[in-house]
Number of protein chains: 2
Amino acid sequence: MDSLRLGWESSPVSEPLQTDEQVATPPGRARRRRARRGEGPALREEILQAAERLLIETGDQEAVSIRAVAQAVGVTPPSIYLHFADKNDLVFAVCERAFARFDAVQEEAAAQSDDPLESLMLRGRAYVRFGLENPEQYRILFMTRPSGTPHSWTPETIAGIAAFWHLVEAVQRCMDAGALTQGDPVVYAIGCWSSVHGITSLLLSHPQFPWPEHEELIDHILLAPIEGLRPKG
Amino acid sequence: MDSLRLGWESSPVSEPLQTDEQVATPPGRARRRRARRGEGPALREEILQAAERLLIETGDQEAVSIRAVAQAVGVTPPSIYLHFADKNDLVFAVCERAFARFDAVQEEAAAQSDDPLESLMLRGRAYVRFGLENPEQYRILFMTRPSGTPHSWTPETIAGIAAFWHLVEAVQRCMDAGALTQGDPVVYAIGCWSSVHGITSLLLSHPQFPWPEHEELIDHILLAPIEGLRPKG
DNA sequence: TGTACATCAGTGAACGCGCGTTCACTGATGTAC
DNA sequence: TGTACATCAGTGAACGCGCGTTCACTGATGTAC
């Protein structure tokens with residue numbers, strides 16, 4: 001009689017015991033080694049990278065689900081919750097990283113010239129380039145509804161604000177050098193920001209529009225407002 | 001014995017027969033009269049209006065689901081398919097209407113002045129105002145991923161292009177009047193578009209940012225590029 | 001005027017899907033004795 | 001060196017949800033005779 005053994009939900013003796021190594025990995029999912037004691041944060045890092053990779057590869061913010069990220073890392077969905085409070089928290093962390101790189105890229109570009117006005121132009125070009133090269137990250141940072149992203153948005157905005165204050169400083173330097181007429185640097189900076197964000201997001205959201213050649217167009221857009229703010233003469 | 005009657009899923013005789021009129025309307029759903037023979041298109045119109053109303057009231061594009069629209073109209077989900085091929089088709093139709101109003105609003109504003117430059121400014125202000133007053137429609141038109149909206153996007157873009165070509169004409173008129181330096185009116189127009197779209201979408205996606213006063217800011221942004229393109233002297 | 005029938009706007013129930021999240025659990029790793 | 005135990009990273013199964021879409025149907029409206 002097998003009745004007693006059948007209590008153990010049908011595990012026939014004929015089927016060999018599978019060791020962890022021999023188990024066939026489910027399709028599309030790489031088996032992971034369990035982390036060592038001190039290596040907790042390692043998975044957190046992997047999750048963040050996987051989330052960003054998914055964002056880039058699928059080109060779709062919706063594709064970044066807890067389940068998809070877990071699968072990409074080779075882990076089960078509940079594992080994510082060991083490292084992030086919830087989905088918002090994960091998206092939030094992805095944004096923070098993107099914002100940091102976004103700011104860094106502009107600072108680096110701006111540092112390539114000592115001339116304040118040329119530096120401002122370089123900053124603008126770097127801004128647009130970042131947006132076009134990282135469309136999904138750019139979307140998350142500047143094109144999504146505020147409530148659609150983490151409600152603890154404030155500190156994240158602060159990270160984004162870093163890039164903005166750097167822009168304000170750059171505008172101020174232009175004024176100090178007499179390259180722009182005196183005025184409220186914050187208002188001027190928002191003007192610059194509007195231009196670069198405007199063209200970046202239009203190019204992203206309407207790629208099939210019959211745009212003129214990008215480089216030339218972008219230069220015109222960067223120059224026009226600057227020309228308008230230059231001292232006459 | 002009740003066994004025979006119980007075959008009819010428990011409808012006790014004590015419960016009176018409900019006529020169509022007496023039926024309690026399900027919560028949040030208004031009972032509709034069935035349309036007469038020739039009145040097919042009436043529901044289509046109601047569906048479109050309900051979809052747009054949902055968009056506005058919830059302030060969330062995701063909230064516009066086939067089911068939600070059906071409920072808002074007071075109809076069952078499959079009914080929608082009598083009037084629209086699928087969800088894309090419905091969203092598409094909503095966009096078309098919004099684009100039409102968007103263009104109309106700008107044309108009307110621009111017609112308020114005979115001076116080409118002033119007319120251009122009025123057009124710009126109308127653009128921003130439309131965006132701020134119709135944030136969800138604006139989002140759908142200019143801030144969402146192309147594939148996220150109907151794949152038969154091309155004709156819709158044409159509707160959107162109407163507003164754009166009107167802008168190009170307005171720029172051309174300024175050049176003809178000597179109010180702007182000669183140049184490619186398309187590039188100039190895209191420059192204007194970038195500015196107004198930039199500030200509109202930034203205000204929409206980061207409402208909690210410490211913006212300066214709107215009116216003044218918008219005027220600065222409209223003026224700066226125009227100043228840059230004015231004949232010197 | 002009365003009746004049988006065709007039309008077709010709209011229904012009710014179900015399909016399969018992927019989602020975020022929870023819960024009790026497992027089992028390898030490290031530690032105390 | 002050996003053994004019992006605590007820790008805790010990660011699992012497996014399930015929850016309830018809302019989604020777009022389909023299908024066979026109902027029944028009021030209009031029409032032909």
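So you know, we letter chains A, B, ... as the sequences are listed, proteins then strands, and number each from 1. Note that the coordinates shown come from a computational prediction; the quantities given were computed from them, not determined experimentally.
- Judged by Watson-Crick or G-U wobble contacts below 3.5 Å, the nucleotide dA9(D) has dT26(C) as its partner.
- Using a 4.5 Å cut-off on side-chain heavy atoms (C-beta onward), L203(A) and H214(A) make contact.
- Atom CD of E52(B) and atom CD1 of I47(B) lie 14.0 Å apart (nearest 0.5 Å).
- Picking from dT21(D), dT11(D), dT11(C) the nucleotide with the shortest atom distance to the side chain of V75(A) gives dT11(D).
- Of the nucleotides present, none pairs with dT1(C) by Watson-Crick or G-U wobble criteria with both distances under 3.5 Å.
- Summarising the base pairing, dC19(C) is matched to dG16(D) through a Watson-Crick or G-U wobble pair whose two defining distances lie under 3.5 Å.
- With ring centers used as reference points, F142(B) lies under 6.0 Å from H206(A).
- Between R97(B) and E45(B) a salt bridge is recorded (basic side-chain N to carboxylate O distance below 4.0 Å).
- Expressed to the nearest 0.5 Å, how far CD of Q71(A) lies from OG of S65(A) amounts to 9.0 Å.
- What separates CD1 of I47(B) from P of dA9(C) is a distance of 12 Å, to the nearest Å.
- Summarising the geometry, the separation between CG on L90(A) and C1' on dT21(C) is reported as 14 Å, rounded to the nearest angstrom.
- L82(A) has its CG atom 13 Å from the C1' atom of dC25(C), to the nearest Å.
- In this structure, D89(A) places its CG atom 10 Å from P of dT21(C), rounding to the nearest Å.
- Taking atom CD of Q71(A) as the reference point, atom C1' of dT11(D) lies 15 Å away to the nearest angstrom.
- H83(B) has its NE2 atom 13 Å from the P atom of dC8(C), to the nearest Å.
- Regarding contacts with the backbone of dT11(C), a side-chain N or O of T76(B) is found under 4.0 angstrom from either OP1 or OP2.
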TODO: Using a 4.0 Å heavy-atom cut-off, write out nucleotides 15-20 of chain C from 5' to 3' as B (base contacted by protein), S (sugar-phosphate only) or - (no contact).
DONE: ----BB

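- Under a 4.0 Å N-O distance rule, the pair E107(A)/R123(A) qualifies as a salt bridge.
- Checked against the 6.0 Å centroid threshold, W193(B) and F209(A) count as a close aromatic pair.
- Whole-Å rounding puts the I80(B) CD1 to dT11(C) P distance at 10 Å.
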